[in-house]
Amino acid sequence: MQNTLRTSVTFKGVGLHSGAPVTMTLKPAAAGNGIWFKRTDIELGDAMIPAIYDMAEQTPLCTRLVNGAGVSVSTVEHIMAALAGCGVHNALIEIDGPEVPILDGSSVEFVRGIMARGVQPQSAPVLAYEILKPVTVERDGARATLVPEDRLIIEFEIDFADAAIGRQSKTLDMRNGTFARELSDSRTFCRQADVEAMQSNGLALGGTLDNAVVVDGEEVLSPGGFRHADEAVRHKMLDALGDLALAGGPILGRYIGEKAGHSLTNALLRKLFATPGAVRPVLCDPETAARLPGKGLIWNEIPQVA
Ligand SMILES: [Zn+2]
């Protein structure tokens, strides 16, 4: 069955890039609706932005969705991951600015907010996308691939020069609440040198040591260090789940990311849906639905962070 939220839930924070305060409210939506953003600060013109891959702009730092009227919402990946990881298929996300609040740089506050309100089953089967044959995109030594599988599996490998991150790889089956338990509290990370370069270009103005793990060589500058020894690769997997959710429904397949980022995963979805015979929509029977992310999620297993 499809799910929506039982009641609305509001998050207040700042945008990572603007540093401006933002209020975002997730509201229930009807079966078949999917996930939509609504910019409540836009009085004239089209304020509605569907969370679909072909609305995404190619930006290196985050995923930004733009509608036909040029109205956008940025940094959607962490809330999209939380909704997908909690098995929420339909929601209206009202937001009073151009950027989703960054909170602690992970998805865990979103997951806790969603699960505290509860998820409401709806009387319609879930529409999933089954991968039928491998599709790959490559760019600048990075690669993203989808191959057939009867559930969503995310496999990721990164290799950073900074010794604090280095080479990390991980593979997780997204069944049974894996996202919330294993990935949801892993934060955005960046290199100190990149922070300085971004801020001198007017980016990441809301970035602090509290909403990103900042590393410099072998040193972790953020207080408390990493939440997991491999928090960096876990965060890349979190981002991948959020970016894959822009397919418009859960994916039944294995995603393999090698140094991939938002724009490459988006290019992968574009190629997938443009390749004849690579993917087909399926209405999930109960057996397939039981393998979707969000099924079997237990409140006590969601990480608690300060
Ligand atoms: Zn991220």
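Nothing here was measured: the structure is a model prediction, and the numbers come from that model. We count ligands from 1, going down the list as the structure has it; atoms in each ligand are counted the same way.
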Review point. Would you find a donor on one side and an acceptor on the other, under 3.5 Å apart, between the side chain of R234 and the backbone of E182?
Key: yes

Check your understanding: Can you tell me if H78 has an N, O or S atom under 2.8 Å away from the Zn ion (ligand 1)?
Key -> yes

Check your understanding: Between R191 and D162, is there a side-chain N and carboxylate O pair less than 4.0 Å apart?
Key -> yes

Review point. Near the Zn ion (ligand 1), is there an N/O/S atom from C62 that is less than 2.8 Å away?
Key: no

Review point. Counting backbone and side-chain atoms alike, does D239 have an N/O/S atom under 2.8 Å from the Zn ion (ligand 1)?
Key: yes

Check your understanding: Ion pair present between E99 and R64, side-chain N to carboxylate O less than 4.0 angstrom?
Key -> no

**Study point:** Within the 6.0 Å centroid threshold, strictly below: Y129 and F273
**Key:** yes

